[in-house]
2 protein chains.
Amino acid sequence: MAEDAPRRRPTLDEVAGLAGVSRSVASRALNNAPHVSRAKREAVERAVRQLGYVPNPTARALATRQTGAAALVVSGEDPSIFADPFFAQVIVGASAALEEADLHLMLCLAASDRGRKRVEELLRSGGADGVMLMALREDDPLGRAVEEAAMPVVFGGRPVGPAPRWYVDVDNAGGAREATEYLLSLGRTRVAALCGRLDTEAGRARYRGYRDAVLAAGLDPFPPGEGDFTEGGGAAATAALLADHPDVDGVFAANDNMGVGALRTLRETGRRVPDDVAVVGFDDLAVAQVSDPPLTTVHQPIQALGREMARMLAALVDGQDPTPLILPTRLVFRASA
Amino acid sequence: MAEDAPRRRPTLDEVAGLAGVSRSVASRALNNAPHVSRAKREAVERAVRQLGYVPNPTARALATRQTGAAALVVSGEDPSIFADPFFAQVIVGASAALEEADLHLMLCLAASDRGRKRVEELLRSGGADGVMLMALREDDPLGRAVEEAAMPVVFGGRPVGPAPRWYVDVDNAGGAREATEYLLSLGRTRVAALCGRLDTEAGRARYRGYRDAVLAAGLDPFPPGEGDFTEGGGAAATAALLADHPDVDGVFAANDNMGVGALRTLRETGRRVPDDVAVVGFDDLAVAQVSDPPLTTVHQPIQALGREMARMLAALVDGQDPTPLILPTRLVFRASA
DNA sequence: CTCGGAAATGGGAGCGCTCCCAAATGGAAG
DNA sequence: CTTCCATTTGGGAGCGCTCCCATTTCCGAG
């Protein structure tokens, strides 16, 4: 509150004026481009300090046609999908990588119609230099908008259907296979799968991995059932499963939430885990550690997923042409199997 | 891939040309401002559709001096602070409110030095129309930068020290008092507090609430101890507490994480909860429901916190002068007390 | 002392939009 | 058929920065 003169923020012209150079030279000095004498460069630096000059990012964006921002859009019909700790991890990873590339992070939760409209507009208007797209479902209304985007798009997790040009994914099928093989290696012979949403590629791939492992062992896989990746869904599916097949001795759950749901139903129906039924989950979220018993699960490198998406996008913005990436998973052994 | 002509995105001039009007009229029509005849307005709309025109947000931002974005900055020396599900809830709330105000959300995790530098620059450069600031600690390096920000700043949770002009907070002291009073009403007479970080106002206010309640009951409050809001910290603090005061019969934990830590130590030292020691937490995060036993805790409206911060900021950007807001908490009864 | 080329410099034209303001248009009133 | 005012219209000047390019400056070589 010392001096509250309604002073505008200084412009590059004023810096140049004070430094006694032209705007061009000042600009070059600022972006430390070549063709600036040592003397003038220093004069500019001094003027910048004296005036407290900070370049106007908007003006720069207009001139360079680069906004300096990358958007992370999380699709879903319900904003609460974002409450999944999964996304927080993705963001931590992406944020770190974007920081390195000097890009800002815009977060778009495309839940409502209005939200989707805004994302579409962002995509078409060039309001960001690139987009990271997560949790796209089959027939997602954003799918079309993405195709005519005015900027590069990196997918987090392949969408259902033909693989996009750029994506980062986790080895869902491989992880599921490994989990199922482990269950089988324990001597379990009636291993069922609790499917996730089958309108996502992750849901499908995890079932495929399960099925492949069971077939490879010469056994009959359980048919896929529509799931929803929620704890309640896992509990219900397990109840239904037990009704039809009381002799199940192993369960591969498409994610930890469903795994925990299974644990609950199993407990409620008087079965011991892992003695009577062994359970393996997928994700390795915090919940897998605090469940009772702690859940053996397929760990996926979520921060790395975010990081690699951001790096890929930064490369794209930089004019390079990176190749898709599939991150490895690994089985984490705990008490449930 | 139908026609891959390197066509630029159309500009307003081209729209105007096609519609047979001047750029001014086209601009007015687009922003549906007055002084445009019905006929021309329609002509412009037609041209927009035909050309697939989308206004360039950067150019608009430069001309209006409004970026159309609000930043949410989460301070902290460690990016993993963001993994706390708390922030995801704040974001869900803020995102919804920003959507209504037609502002985009920029997320800044100011963890590294570089990250902080970027936030400072954002603040000073006017790269956003306003900022929501969370988790500011005492002596936070961002504190100073905030004061000379070129835009309105809304605090999420009061910082330590003099209250800022605009903030949204939760009634920390009130919630803590209520929790403690409840413990006292249960007939407990040796109720201790597990403090959170005392370099945050939330940590201090919660201790004050506890102390006030104990004093009001004519008892002696336990002295404050430095805590860290983590499960491990809660467990350790509880162990230390029990060593000094084996007869404690009630614990008010400054948040759920610490409450769960207390539960663990209590269990490990052979005490029954709530029979021997009653425990109350603060936050009402998911962990409070799945803990063993489920944690009685002070619920705080986190999404609302985010929503109100965003609304306050939108009002500020809109030139209004909103007043600070303190959101109520409420005690949620579960098995631990 | 002259010349040539490399380095440094600054003028100016954008980037695409908003908004002020003067000029043109269109009726209604006289 | 004027006169006048309320609208509508379009020209033009920015917003603050980058970048191309024509000039100027500087030096060492000849």
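Note on naming: letters A, B, ... go to the chains in the order of the sequence lines (proteins, then strands), and numbering restarts at 1 for each one. What you see is a predicted model; the values in this text were computed from it and never measured.
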- [ ] Please identify each residue that fulfils side chain to side chain donor-acceptor pair (under 3.5 Å) with B/S22, with sequence neighbours left out.
- [x]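 B/S22: no side chain to side chain donor-acceptor pair (under 3.5 Å) contacts found.
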
Task: Given DNA chain D, 5'-ward residue of the pair A/P10 and B/V36, judged by closest heavy atom - done: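 Nearer the 5' end of the strand: B/V36.
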
Counting heavy atoms from C-beta on, name the nucleotide in [options] closest to the side chain of [X].
{"X": "B/R65", "options": "D/dT18, D/dG16, C/dT18", "answer": "D/dG16"}
{"X": "A/S24", "options": "D/dG16, D/dG11, C/dG11", "answer": "C/dG11"}
{"X": "B/R28", "options": "C/dC20, C/dT9, D/dT18", "answer": "C/dC20"}
{"X": "B/T64", "options": "C/dC19, D/dC20, D/dT9", "answer": "C/dC19"}

Nearest whole angstrom, please: distance from the [atom2] of [N] to the [atom1] of [X].
{"X": "B/E14", "N": "C/dG16", "atom1": "CD", "atom2": "P", "value": "9 Å"}
{"X": "A/H35", "N": "D/dA22", "atom1": "NE2", "atom2": "P", "value": "15 Å"}
{"X": "A/K40", "N": "D/dT25", "atom1": "NZ", "atom2": "C1'", "value": "10 Å"}
{"X": "A/N32", "N": "D/dT18", "atom1": "CG", "atom2": "P", "value": "12 Å"}
{"X": "A/L62", "N": "C/dC17", "atom1": "CG", "atom2": "P", "value": "9 Å"}
{"X": "A/Q66", "N": "D/dC17", "atom1": "CD", "atom2": "P", "value": "17 Å"}
{"X": "A/N31", "N": "D/dG16", "atom1": "CG", "atom2": "C1'", "value": "13 Å"}
{"X": "A/L12", "N": "C/dG11", "atom1": "CG", "atom2": "C1'", "value": "14 Å"}

Task: Strand contacts (DNA chain C) in residues 42-60 of chain A, 4.0 angstrom heavy-atom criterion - done: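 Nothing qualifies; none.
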
TODO: May I ask you to say whether A/R116 pairs ionically with A/D140, meaning some side-chain N is under 4.0 Å from a carboxylate O?
DONE: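 Answer for the salt bridge query: no.
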
Where the side chain of [X] meets the backbone of [Y], is there a donor-acceptor pair that is under 3.5 Å apart?
{"X": "B/N56", "Y": "B/A59", "answer": "yes"}
{"X": "A/S27", "Y": "A/R23", "answer": "no"}
{"X": "A/S125", "Y": "A/E121", "answer": "yes"}

TODO: Inspect the surroundings of CG in B/D318 and state if more than 12 heavy atoms from other residues, nucleotides or ligands are less than 6.0 Å away.
DONE: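 Atom CG in B/D318 is packed in, count exceeds 12.
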
TODO: Would you state whether a donor and an acceptor, one from the side chain of B/R23 and one from the base of C/dT18, lie under 3.5 Å apart?
DONE: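 Check passes, donor-acceptor contact within cut-off.
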
Open item on the list: Testing the 3.5 Å rule here: is there a donor-acceptor pair between the side chains of B/E138 and B/T200?
Closed with: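 There is no such pair (donor and acceptor under 3.5 Å, judged by atom type) between the side chains of B/E138 and B/T200.
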
